[in-house]
Amino acid sequence: MLFQPPLARKYAELDGQTLREGIRRFKDQLGKRLVILGHHYQQDDIIAFADITGDSLKLSQLAAEQADAEFIVFCGVHFMAESADILRRGEQQVILPDLSAGCSMADMATIEQAEVAWKILHRAAGMPITPVTYVNSSAAVKAFVGRNEGACCTSSNARQVVEWALRGARPGDAEDVGNKVLFLPDQHLGRNTAFAMGWPLSSMVVYDPAEPDGGLEPEQVRRARFILWKGHCSVHQLFTPEHVERMRARPEPYQIIVHPECAWEVCQKADDVGSTEYIIRTIREAPEESWWAVGTEIHLVQRLARLYPTRHVRSLTDIQCLCTTMYRIDPRHLYWVLEELVEGRVVNRIRVDDETRRWARVALDRMLSLRPSQPVSAK
Ligand code: 13P
Ligand code: SF4
């Protein structure tokens, strides 16, 4: 985990208008040398300056296509900036405006834990295992997956990647057909994806890196098809089945759509489940005067509500489900990194070492070579 020291005092004294004007001026001065990427969970004051907005998949693909830009300023979290550095061209430099913008889910699987798990699981499995890591993981974990013949996935393409990882195994096949799948670090995306593909919950076990042997008997590993890492998103885990029930009890005809990082029990009760881009598309294309309760990060929900007032969009709960680390990227930090660039200094560069980069790229390229996906659950 990285730490962002406080900015110099002069930045604290800048008001909103000065910050906005300054960011615009620095952008003009840097021209094509700069591209600013903004994840959909960013606050509006940042999205206003993003050249490209998107979910993790779209941003990692588009970052790779930015041939002209010398500087990629990634308004997202650390693992996203690492992915951009892994996919960058030549001498491009990736900058994260606040180094403390990490991801608690990515931190739930360290490379050391993954290496230990791999040995334990191999001893018990009695057949090949394909490791799959959600892109919400460190570059080191991505490289581990690349070295061990696995791939990355995002919430948009998890189903395609898991299908590929199973090496032909289908629900109902004998235990020794195809491969097992180790899914890191989000147990919920792993479970929701496999279940939507027709695999029963009984084919899945949870590996807890805090327990000896992951908390599993060798026989449990041998019988399982999916080994789900015990990690989760602290934002999406806040949604509960009771929130869905309460929304259904309201007089308005809410349709409930949630992100697959939500728990299985929530996804089962919802009307639809899909990635960030899928949620945006569904609401954009929904009929006028439809009603939507959305289970995902609050900045995106509020933006959808403003953009599409006739879709009556609201959060699935009144608890503010905010990604506090994404929120660390604010106009002050953006102003600071751009001012430094204009003055010829690169601050907060995110660099992945060459060996890690090589293998993480293998895992990302395997993912990017697969076709675009269906939503996790087409209910
Ligand atoms: P996607 O951008 O892949 O939908 O993931 C959501 C998320 O939690 C990003 O950190
Ligand atoms: Fe990580 Fe969840 Fe925040 Fe995404 S929303 S960056 S998974 S903590």
Side-chain angles (χ1 to χ4, degrees), residues 1-2 37-43 46-47 50 52-63 74-84 96 98-109 132-138 141-142 152-161 183-190 192-193 229 231-239 257-263 266-267 272-283 294-301 303-304 315-316 319-329 364 367-368 372-377:
M1 247 183 290
L2 299 173
L37 306 180
H39 190 273
H40 289 305
Y41 297 170
Q42 290 290 311
Q43 48 190 297
I46 292 295
I47 292 292
I52 302 169
T53 55
D55 68 355
S56 313
L57 176 63
K58 186 170 157 196
L59 291 179
S60 54
Q61 283 169 324
L62 291 176
F74 211 122
C75 297
V77 290
H78 184 254
F79 72 79
M80 297 180 186
E82 277 192 330
S83 295
L96 180 65
D98 185 324
L99 293 178
S100 298
C103 166
S104 52
M105 177 201 286
D107 294 339
M108 289 176 197
V132 171
T133 189
Y134 191 20
V135 287
N136 300 22
S137 54
S138 69
V141 168
K142 291 185 179 80
C152 292
C153 75
T154 73
S155 54
S156 297
N157 62 15
R159 196 171 170 142
Q160 259 67 26
V161 176
F183 195 97
L184 304 112
D186 185 13
Q187 58 168 308
H188 300 303
L189 180 63
N192 289 323
T193 303
W229 193 266
H232 62 265
C233 165
S234 33
V235 180
H236 290 89
Q237 183 146 299
L238 293 172
F239 297 102
I257 186 165
V258 301
H259 193 281
E261 287 173 18
C262 294
V266 175
C267 293
D272 207 351
V273 183
S275 67
T276 303
E277 288 290 340
Y278 178 78
I279 292 174
I280 295 170
R281 194 170 61 242
T282 303
I283 290 176
V294 186
T296 194
E297 210 275 342
I298 192 66
H299 285 97
L300 175 59
V301 179
R303 189 167 309 120
L304 289 170
S315 172
L316 180 54
I319 306 166
Q320 296 285 295
C321 292
L322 166 84
C323 180
T324 49
T325 48
M326 286 261 186
Y327 194 58
R328 295 191 70 94
I329 309 288
L364 282 166
M367 167 187 91
L368 294 171
S373 177
Q374 297 298 312
V376 164
S377 162

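Just so you know, ligand 1 is whichever comes first in the structure, and atom 1 is the first atom listed for that ligand. We use all heavy atoms of the structure for the numbers below, so side chains are in, but hydrogens, waters and symmetry mates are not.
Side chain of Thr325 to main chain of Gly102: a donor-acceptor pair is present (N/O by atom type, distance under 3.5 Å, no hydrogens or angles). In this structure, the side chain of Asn192 engages the main chain of Cys262 through a donor-acceptor pair within 3.5 Å. Although no hydrogens or angles enter the test, the distance criterion places a donor-acceptor pair under 3.5 Å between the side chain of Trp229 and the main chain of Met108. Without hydrogens or angle criteria, Gln43 side chain to His299 main chain gives no donor-acceptor distance under 3.5 Å.
Taking every heavy atom of Tyr41 and a limit of under 4.0 angstrom, the matching atoms of ligand 2 come to 5 (S). Using a 4.0 Å cut-off to heavy atoms of Met80, the atoms of ligand 1 that qualify are 9 (C), 10 (O). Atom numbering of ligand 1 starts at 1 in the shown order; those under 4.0 Å from a heavy atom of Glu261 are 5 (O), 6 (C), 7 (C), 8 (O). Atoms of ligand 1 found under 4.0 Å from any heavy atom of Thr276 (numbered from 1 in listed order, with element): 1 (P), 2 (O), 4 (O), 6 (C).
Not counting sequence neighbours, the partners of Thr53 by the side-chain contact (heavy atoms from CB on, under 4.5 Å) test are His40, Ile47, Ala50. In this structure Ala81 satisfies the side-chain contact (heavy atoms from CB on, under 4.5 Å) test together with Phe74, Val94, Leu96, Ile350, sequence neighbours excluded. Checked against side-chain contact (heavy atoms from CB on, under 4.5 Å), Ser315 has the following partners two or more places apart in sequence or in another chain: Phe239, Ile298, Val301, Thr317.
To the nearest 0.5 Å, atoms OH (Tyr134) and CG (Leu184) are separated by 13.5 Å. Here the CG atom belonging to Asn136 is positioned 9.5 Å from the OG atom belonging to Ser104, to the nearest 0.5 angstrom. A distance of 11.5 Å separates CG of Asp98 from NE2 of His78, quoted to the nearest 0.5 Å. Here the straight-line distance linking atom OG1 of Thr154 with atom CG of Asp55 works out to 6.0 Å at 0.5 Å rounding.
Under a 4.0 Å heavy-atom criterion, Glu277 is not in contact with ligand 1. Ligand 1 lies nowhere less than 4.0 angstrom from a heavy atom belonging to Glu297.
Residue His40 does not touch ligand 1, judged by heavy-atom distances below 4.0 Å. Contacts between Tyr134 and ligand 1 below 4.0 angstrom, taking non-hydrogen atoms only, involve the side chain exclusively. In Met105, neither the side chain nor the backbone holds a heavy atom less than 4.0 Å from any atom of ligand 1. For His39, every heavy-atom contact with ligand 1 shorter than 4.0 Å involves the side chain, none the backbone. Under 4.0 Å from ligand 1, the heavy atoms of Asn136 that appear belong solely to its side chain.
Shown are the protein N/O/S atoms under 2.8 Å from atom 2 (Fe) of ligand 2, given by residue and atom: Cys233 SG.
Checked options Met105, His259, His188; the residue passing with His236 is His259 (criterion: side-chain contact (heavy atoms from CB on, under 4.5 Å)).
Of all the listed residues (Ser155, Cys153, Cys103, Ala158), Ser155 holds the heavy atom that lies closest to atom 3 (O) of ligand 1.
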